[in-house]
There are 2 protein chains.
Amino acid sequence: MKNQTTYRYQVATQNVDFTLRASIDSLGNYILNTAGIDAQGKGFGVDTLAPKNLTWVLSKFVIEIDSRPEQFAEFDLTTWVNQNTRLVSTRNFTLSDLEGNVFIRSLSQWCMLDLVKRTPVALNTIEDFYAPYICEAACPCEAPMRLKAIEPEVVMEHKVAYSDIDFNRHMNTMRYIGLMLDMIDIEHFKENRPMRIDVHFIVECLYGQTIKVAMQQTESATLFEVIRDDGVVACRAAFTWR
Amino acid sequence: MKNQTTYRYQVATQNVDFTLRASIDSLGNYILNTAGIDAQGKGFGVDTLAPKNLTWVLSKFVIEIDSRPEQFAEFDLTTWVNQNTRLVSTRNFTLSDLEGNVFIRSLSQWCMLDLVKRTPVALNTIEDFYAPYICEAACPCEAPMRLKAIEPEVVMEHKVAYSDIDFNRHMNTMRYIGLMLDMIDIEHFKENRPMRIDVHFIVECLYGQTIKVAMQQTESATLFEVIRDDGVVACRAAFTWR
């Protein structure tokens with residue numbers, strides 16, 4: 001379909017987990033890095049926005065995983081932007097094998113931030129170079145879940161450090177998910193079990209902060225909150241087991 | 001030179017740190033993954049050894065960094081095996097820019113382990129397919145430093161989790177270095193300062209173990225020990241600042 005673009009990748013050795021399949025965090029990295037590459041290639045990436053003191057901020061992220069590809073497997077990652085409201089851009093993704101069988105569906109919602117005023121910006125500000133790339137194709141998975149406050153059963157402390165941060169010294173998006181993955185018993189991942197991850201990013205965590213990652217297990221899901229040292233909830237997530 | 005092989009890479013977005021240069025752990029990953037790829041391509045990799053119940057185990061690792069490449073920079077990674085003693089195989093590496101200027105030198109020492117007896121194996125066991133690839137070129141950096149017990153000033157606890165482990169559920173080599181990097185103040189990394197890292201791997205840490213990473217600062221170096229929950233020192237390292 002027009003304005004859907006496909007990128008081919010191969011699962012590298014450094015991106016597999018103990019099952020010798022692509023790790024869950026590396027799949028998230030492939031997806032979010034492709035978002036950046038695609039936006040840049042089409043002229044509405046952070047490089048174009050920066051001189052206007054604008055940037056994209058990830059607000060919600062969903063990944064539905066039926067199966068994870070094995071080490072060295074090639075796959076196609078297709079992405080497109082659709083369903084834009086005034087303040088939220090939705091970017092969609094599918095991962096498929098080389099026969100076209102989709103095994104991961106993903107959806108991300110982005111706001112545009114004015115870096116001077118620190119406020120969200122209406123997307124029509126960039127309509128001249130952004131609107132031509134909006135695609136009619138529907139989202140490949142259900143909308144982000146509502147995520148409420150949790151009742152923590154297990155809490156892990158973590159100090160935001162070198163390997164966590166981006167050039168703004170904020171914690172990288174995928175590190176939130178990485179910390180949560182490290183609290184889940186690995187037996188959940190052994191059988192290549194289908195799962196869905198919903199993440200809401202609320203505010204950022206900064207270098208040097210000591211954060212708490214709180215977990216609650218329900219019948220069908222593992223729920224998380226990331227709480228900053230000033231008590232603010234920075235992020236909520238649900239890992240739903242299927 | 002004969003039996004030196006060069007692999008070309010590009011610094012990917014997911015491999016940079018807050019300075020927008022290749023992170024130190026990603027450089028280690030490029031190096032160690034190339035060791036695996038090169039050994040496999042020449043017929044003495046873990047895939048060839050596994051049916052004989054043998055495997056390579058990394059014992060010592062040195063990286064000398066003059067400068068770290070920027071995001072999207074291409075570089076050439078050249079590797080060769082030399083100076084073999086009966087029990088230790090030395091594999092060397094240089095990283096250079098596309099004009100041939102070397103900016104990283106690295107050396108690794110490997111033992112071959114009998115997976116049934118859990119004992120080291122003499123390298124002449126695999127001489128028929130291994131010896132033809134030994135190269136005359138000297139090591140590109142000085143031999144591994146002697147690393148003695150340290151006097152811990154700061155100690156961090158870490159539970160070995162999903163993102164740390166390989167298919168044996170042992171902690172990945174580069175995760176030891178990653179944990180150490182996370183204890184060092186990032187101001188050390190801001191200026192792309194030359195450094196040398198020496199690591200000795202003694203015994204492995206396993207999934208679920210709570211380990212201690214102990215740090216001591218001396219005039220010219222930051223020293224580390226990783227101590228398992230049974231009190232055994234699993235790993236020692238020195239980051240020497242130049």
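Quick note: numbers below take in every heavy atom, side chains included, and nothing from hydrogens, waters or symmetry partners. Since this is a predicted model, take the numbers as computed values, not measurements.
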Distance from A:D164 atom CG to B:D17 atom CG, nearest 0.5 Å? 12.0 Å

Taken to the nearest 0.5 Å, the spacing of B:H158 NE2 from A:M156 CE works out to 8.5 Å

Evaluation steps, side chain to side chain contact (heavy atoms under 4.5 Å, CB included), between A:L181 and B:S163: CA-CA 8 Å; A:L181 288 168; B:S163 64; over 6 Å; no

Taking all atoms of both residues into account, what is the closest heavy-atom pair of B:I184 and A:Y207, and its distance? O-OH, 4.1 Å

Heavy atom to heavy atom, less than 4.5 Å: which residues from residues 44-77 of chain B reach chain A? B:R68

Against chain B, work out which of A:M183, A:E187, A:M174 has the most heavy-atom pairs shorter than 4.5 Å and name it. A:E187

Mind checking whether A:F18 and B:Y162 have parallel, tilted or perpendicular rings, split at 30° and 60°? perpendicular

Taking only Lys NZ, Arg NE, NH1 and NH2, and the carboxylate oxygens of Asp or Glu, determine whether A:K159 and B:E157 approach each other closer than 4.0 Å. no

Quick one: what part of B:N33 sits under 4.5 Å from any heavy atom of chain A, side chain, backbone, both or neither? side chain

Side chain, backbone, both or neither: which part of B:I186 has an atom under 4.5 Å from a heavy atom of chain A? both

Does any heavy atom of chain A fall under 4.5 Å from the side chain of B:I24, the backbone, both, or neither of them? both

More than 12 foreign heavy atoms under 6.0 Å from CD of A:E151: is that the case here? no

Given the options B:G36, B:G208, B:A161, which has more heavy-atom pairs under 4.5 Å with chain A than any of the others? B:A161

Please determine, among A:N172, A:D25, A:D182, the option with the most heavy-atom pairs under 4.5 Å with chain B. A:D182

From CG (A:N29) to OG1 (B:T13), nearest 0.5 Å: 10.0 Å

Rounded to the nearest 0.5 Å, what's the gap from OG1 on B:T19 to CD1 on A:I165? Could you check? 9.5 Å

Counting only heavy atoms from other residues, nucleotides and ligands, does the tally under 6.0 Å from NZ of A:K212 exceed 12? no

